[in-house]
Amino acid sequence: MVWRGDVGIITTRIDSDGDENLIELWGRSRENESVLLRIHGMQPWFEVCPPGRWNGDFSSLEGRLHQLENHEEVTHVTGPVEKWTDLGYKPVWKAYVSKPFVVPGLRKELSGRWYILSGDIPFANRFFLDGDFAIHVSVTAKETYSENGIDIVADITLDDVEQCQGFPVPWKILSFDLETSIAESTILCAAVVIEDRGTGIRTKHTFSGDEAGIMADLTNLVLDSNPDIITGYNIDNFDLTRLNDRMAHLSKRGDWQGKAELFGWGRVNRDEKEYRRRRDGLIPKRGATRAWNISGRCVMDCWWQARQVLRPERETLSFVSKLLFPDDDERHKMDIDASKMDEEWANRPDEVLEYCLRDAELPLDIMAEIQAVRRCEAIASVSGVSLDTVANGNTSQRIDALVIKAADRSNIGVPLTGSADAKEGQITGGYVHDVEAGLHPWVAILDFKSMYPSIMIGNNICYTTRVDQGSTDQPLEDEELFVSPTGAKFRHPSQRQGLIPLLLEDLMAQRDANKAALAKAKDPVSKSFYDQMQYAVKILMNSFYGVFASGFYRFTHRDLGSSITAWARHNIKKIIQRLEDEGHGVVYSDTDSIFVSVPLVEGENQVEKMIEFGHETAQRFSEDSAILEFEKGLSAFFSHGAKKRYIGQVVWPNQELMIRGYETQRTDSFAYLTTGMKRLFEHILAGEDEETIAYSLEMVRAAKAGEIGVRDLILSKSCKGRWDKRKAKWIFTEDYANPDSMAQVRVAKQILAKGLPFTPGMKVSYVVENATEKPMRVRAWYEEEADSYQYDVQFYAERLATALGRVTEAFGWNAKELLSGNRQTSLFSF
DNA sequence: AAGTCTACCTAG
DNA sequence: TTAGCTAGGTAGACTT
């Protein structure tokens with residue numbers, strides 16, 4: 001029976017064990033079926049061309065070509081086709097090979113005789129590249145069957161797949177949590193909550209009893225419920241790692257069946273062959289990266305998603321929950337002491353199970369609230385990759401998906417990653433204008449629309465358009481070139497349209513289309529959809545510059561990044577100069593923005609004057625590919641004189657307090673300072689100078705008097721470190737020159753001493769007990785011990801005075817004076 | 001007390 | 001901090 005369906009692709013792998021090389025794609029259909037597509041008929045290949053400049057002498061290649069054709073791993077060779085490379089046009093042969101995994105060896109073997117192209121592209125990516133597909137596809141299958149709990153398994157070819165409009169995939173998400181013994185590191189109990197986004201139903205499960213039984217039941221639930229996405233809080237570093245360790249502990253070496261029973265979460269046959277796969281197999285694996293790999297499923301750690309979206313001051317599950325659901329006490333009441341888990345489990349197992357279940361469900365609430373999956377889906381849709389590649393991949397992979405496709409279509413050779421010359425040191429970045437200290441009334445903020453992408457488009461900046469002395473491909477004699485302030489030259493689009501500028505133009509058009517659709521959308525579902533899409537396009541466009549300015553990306557050259565920023569500096573400095581020549585004060589500028597004083601008018605209509613001035617000025621200085629926009633209007637702007645630190649009272653297009661850089665924005669500050677400083681800023685922008693000083697003095701006084709609740713004094717900082725497998729201990733010396741002089745490392749060690757989990761890169765929280773000791777004495781923060789903290793009153797008072805004093809100095813009070821509570825009369829004060 | 005160095009986090 | 005980039009401010013430990 002013919003099956004037709006729209007499918008969202010979770011992840012891919014290759015199956016090259018048989019005669020054929022299959023690409024396997026796991027997904028979920030619009031109709032809520034689990035799907036496995038097995039793509040037949042594709043063959044792995046790479047390309048070769050003569051190294052160096054091509055001299056047209058085909059006869060010199062005959063021997064090499066013959067050797068290539070007769071290589072035992074090479075099935076056949078086609079070509080040559082003329083392709084563009086960074087040394088000019090060259091003849092390119094395509095070598096088809098028996099198996100994808102022979103390519104790395106061949107690459108090495110041939111490297112002296114040939115220049116290799118397209119030789120490091122994972123074979124499974126060919127599905128997206130050759131088919132021009134993204135995460136959502138439409139499939140027609142003549143027949144299908146069920147296998148391994150998957151509803152629809154279809155053997156098809158690329159021709160049976162078509163592009164598909166985005167649709168909300170009814171993902172099935174499994175969230176889990178383990179409670180573990182501190183003494184033994186065994187698993188005491190587990191909980192799972194499964195969300196079916198098709199039906200909207202959640203089911204809850206708890207597991208206790210002997211450890212092997214818990215793991216086996218958990219595995220059975222994974223297989224029976226067959227989820228697409230596995231989540232939980234910090235599962236990458238904790239829960240999955242622990243399951244893996246316990247599997248190793250509880251099963252004998254080589255007992256693949258025993259291991260599969262305990263942790264065989266993969267969506268594949270339960271046999272030894274699948275067990276033996278190094279990745280994408282029966283048993284979840286973590287390679288060199290942080291990301292876990294489970295065949296057929298996508299691991300999406302709620303902690304990682306939440307930190308990226310929310311940037312929380314602290315990163316515990318309970319903190320993030322309170323941040324998102326402040327009114328919901330049930331969700332975050334704390335009644336189990338995790339540092340005494342063994343006792344808790346012995347004394348009141350029911351409560352521990354309930355606690356465990358709650359911590360399994362919260363990640364689902366958090367993921368839904370921050371729309372983590374939809375966000376990934378939108379980026380996957382725009383860049384043309386699977387869900388897993390967005391959730392667990394890197395920026396280069398997203399850019400690759402777009403650029404390689406475009407290169408293949410235009411006969412541009414695809415160089416290997418790392419083939420470019422290394423960058424010599426850093427390139428120069430954006431220009432930051434000195435900020436004039438003090439309060440400035442009426443400031444218009446103008447900024448360039450998508451500055452770096454526009455510069456790339458406007459000057460046709462691309463790997464494929466850069467003029468290189470060493471290339472056989474030189475511009476026409478009368479060709480108009482774009483010459484960057486660094487001297488780098490780029491071809492004219494009439495002669496060669498760059499791939500990147502073309503892609504960026506397309507993305508800009510997509511963004512405009514999505515924005516237009518968003519404006520027209522009536523129901524919340526489509527509104528959210530178009531908003532996600534336009535945002536995904538924006539994210540993707542902005543990541544182009546970074547990738548092309550990096551030292552290792554395949555399509556880069558050091559002149560690209562430095563030309564982009566050089567043009568940016570040139571453009572913005574020119575406009576600042578012209579504004580100043582006209583008598584307009586430029587208060588500040590950073591990279592793509594200009595803060596300009598609005599001429600004052602008599603009477604009441606200063607806001608209207610600012611709007612008119614903002615729009616008029618922006619338009620006047622706009623050029624074709626450097627469009628300046630009036631972004632915000634401020635009634636007041638203040639900075640104490642440091643770059644990247646300022647505040648503003650926005651009055652157009654809406655009313656808001658805008659703060660950049662200051663302690664209020666920093667997650668390594670403490671609540672008493674951030675909330676107080678925000679209040680201070682409101683006084684400053686309202687022109688309430690006396691209140692500004694009085695408020696600052698009161699804050700410092702209260703701190704000195706020890707009147708602040710310790711919860712408002714918790715500091716938080718990320719801590720690195722790594723687990724040394726051989727020594728079986730945590731080491732910090734790799735990441736820190738002097739680890740024990742760093743407060744966060746000392747805190748991490750306290751956490752570890754308590755037997756609590758520590759995740760490298762995660763923030764740790766602490767209170768300063770005594771800063772007169774060097775290094776200062778700090779105590780890790782545990783909510784359960786909240787009542788027992790002593791803090792260093794003088795330390796907090798000084799830190800407050802320092803931060804507030806920088807600001808109040810503009811009003812005549814410095815840090816020292818805030819601390820003492822009175823102003824020293826200087827010799828010159830009268 | 002001033003300067004150097006490492007580290008963190010932010011703006012864009 | 002999962003091969004995007006640079007500019008910049010600040011804290012704290014330590015040295016001179």
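Hydrogens, waters and symmetry mates play no part in the numbers below; they use all other heavy atoms, side chains included. Letters A, B, ... mirror the listed sequences (proteins, then strands); counts begin at 1.
One interatomic measurement links the two molecules: CE of M762(A) to P of dC9(B), which rounds to 13 Å at whole-angstrom precision. Rounded to a whole Å, the NZ atom of K643(A) is 13 Å from the C1' atom of dG12(B). Going from atom CG of D592(A) over to atom P of dA7(C) covers 15 Å, rounded to whole Å. A straight line from CZ of F544(A) to C1' of dG4(C) spans 12 Å, rounded to a whole angstrom. Distance I659(A) CD1 to dA11(B) C1': 14 Å, rounded to the nearest Å. As a whole-Å value, the separation of Q665(A) CD from dG12(B) P is 10 Å. Nucleotide dG12(B) holds its C1' atom 16 Å from the CZ atom of R645(A), rounded to whole Å. With rounding to whole Å, L673(A) atom CG is found 12 Å from dT10(C) atom C1'.
Using a 4.0 Å cut-off, no side-chain N or O of K644(A) falls inside it from OP1 or OP2 of dC9(B). Put simply, T667(A) has a side-chain N or O that comes within less than 4.0 Å of OP1 or OP2 on dT10(B). An OP1 or OP2 oxygen of dG12(B) is reached within less than 4.0 angstrom by a side-chain nitrogen or oxygen of Y646(A). Phosphate proximity of dC9(B) to R311(A): absent, as no side-chain N or O sits under 4.0 Å from OP1 or OP2. For dC14(C), the OP1/OP2 oxygens have a side-chain nitrogen or oxygen of N738(A) closer than 4.0 Å. Phosphate proximity of dT10(B) to R660(A): absent, as no side-chain N or O sits under 4.0 Å from OP1 or OP2. Dashed line: the shortest gap from a side-chain N or O of K763(A) to OP1 or OP2 of dT1(C) is not under 4.0 Å. The phosphate of dT6(C) (OP1 or OP2) has a side-chain N or O of K423(A) nearer than 4.0 angstrom. For the pair Q397(A) and dA3(C), the criterion of a side-chain N or O lying under 4.0 Å from OP1 or OP2 is not met. Considering only side-chain N and O atoms, T428(A) lies nowhere under 4.0 angstrom from the phosphate OP1 or OP2 of dT6(C).
A heavy-atom distance below 4.5 Å is found between the side chains of K538(A) and R511(A). A heavy-atom distance below 4.5 Å is not found between the side chains of Y736(A) and S741(A). In this structure, the side chains of D228(A) and R297(A) stay at 4.5 Å or more apart for every pair of heavy atoms. Counting heavy atoms from C-beta outward, L240(A) and R286(A) have side chains that stay 4.5 Å or more apart.
With dG4(C), dA11(B), dA13(C) as the choices, the nucleotide that has an atom nearest any side-chain atom of D590(A) turns out to be dA11(B). Across dG8(C), dT6(C), dG4(C), the shortest atom-to-atom separation from the side chain of N394(A) is found for dG4(C). The nucleotide whose nearest atom lies closest to any side-chain atom of Y736(A) is, among dG12(C), dC8(B), dG8(C), dC8(B). For R666(A), whose side chain is taken as the heavy atoms from C-beta onward, the closest listed nucleotide among dT6(B), dG12(B), dC9(B) is dC9(B). Checking dT10(C), dA7(C), dC14(C) against the side-chain heavy atoms of A642(A) singles out dT10(C) as nearest. Taking the side chain of T591(A) as heavy atoms from C-beta on, and the options dC9(B), dG12(C), dG12(B), the nearest nucleotide is dG12(B). Among the nucleotides dC14(C), dA11(B), dA11(C), the one closest to any side-chain atom of S741(A) is dC14(C). Out of dT10(B), dC8(B), dA11(C), the shortest distance to the side chain of K717(A) is found at dC8(B). Proximity note for H640(A) (side chain, C-beta onward) versus dA7(B), dT10(C), dT1(C): the nearest is dT10(C). Distances from the side chain of F552(A) to the nucleotides dG12(B), dG4(C), dC14(C) place dG4(C) closest.
Within 6.0 Å of atom NZ in K285(A), more than 12 heavy atoms from other residues, nucleotides or ligands are found, so the atom counts as buried in its surroundings. Enclosure of atom NZ in K108(A) is not indicated, since only 12 or fewer non-hydrogen atoms of other residues, nucleotides or ligands lie within 6.0 angstrom.
Within 4.0 Å of M451(A), counting heavy atoms only, lies no atom of the nucleic acid at all. Contacts of I427(A) with the nucleic acid, taken as non-hydrogen atoms under 4.0 Å apart, involve only primed sugar atoms and P, OP1 or OP2. Within the 4.0 angstrom heavy-atom criterion, only backbone atoms of the sugar-phosphate kind lie near R806(A); the bases stay farther away. At a threshold of 4.0 angstrom between heavy atoms, the contacts of S593(A) with the nucleic acid are absent. Among the atoms of the strands shown, only primed sugar atoms or phosphate atoms (P, OP1, OP2) are found under 4.0 Å from some heavy atom of S396(A). Y588(A) comes within contact range of no nucleotide atom at all, as no heavy-atom separation falls under 4.0 Å. When heavy atoms are screened at a 4.0 angstrom cut-off, D735(A) is found touching the sugar-phosphate backbone but no base atom. Contacts of N392(A) with the nucleic acid, taken as non-hydrogen atoms under 4.0 Å apart, include base atoms. Residue F448(A) is classed as having no contact, given no heavy-atom separation below 4.0 Å to the nucleic acid.
The aromatic rings of W567(A) and F490(A) lie tilted to each other, with the angle between the two planes from 30° to 60°.
For residues 742-751 of chain A, proximity to DNA chain C is found at no residue, defined as any non-hydrogen atom under 4.0 angstrom from a strand atom. If you check residues 560-572 of chain A against DNA chain C, you find no residue with a heavy atom closer than 4.0 Å.
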Does the side-chain contact (heavy atoms from CB on, under 4.5 Å) test come out yes or no for Y662(A) and T674(A), once each step is laid out?
-> CA-CA 9 Å; Y662(A) 280 112; T674(A) 55; over 6 Å; no
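Contact check on R307(A) versus E315(A) returns a salt bridge, with a Lys/Arg side-chain nitrogen under 4.0 Å from an Asp/Glu carboxylate oxygen. With respect to R722(A) and D735(A), a salt bridge is recorded, a charged nitrogen being found less than 4.0 Å from a carboxylate O. Salt bridge R107(A)/D120(A): absent, no basic N to carboxylate O contact under 4.0 Å. Here E313(A) does not pair with K717(A) in a salt bridge; the nearest charged N to carboxylate O distance is not below 4.0 Å.
Figure legend: cation-pi geometry between K720(A) and F732(A) absent, as NZ or CZ is not positioned both under 6.0 Å from the six-membered ring centre and within 45° of its axis.
Between V435(A) and K643(A) the shortest heavy-atom distance is CG1-N, 3.8 Å.
Taking atom C1' in both dT1(C) and dC9(B), the straight-line distance is 12 Å, to the nearest Å. Here the separation of dG4(C) from dG12(B), taken at their C1' atoms, is 14 Å to the nearest Å. With both ends at atom C1', the span from dA3(C) to dA7(B) equals 22 Å, rounded to whole Å.
On a pure distance criterion of 3.5 Å, a polar donor-acceptor pair joins the side chain of R307(A) and the base of dT1(C).
Of the two residues contacting DNA chain C, namely Y545(A) and A803(A), the nearest-nucleotide position lying further toward the 5' end is that of Y545(A). Nearest-nucleotide mapping onto DNA chain C: of P760(A) and G429(A), the residue sitting toward the 5' end is P760(A).
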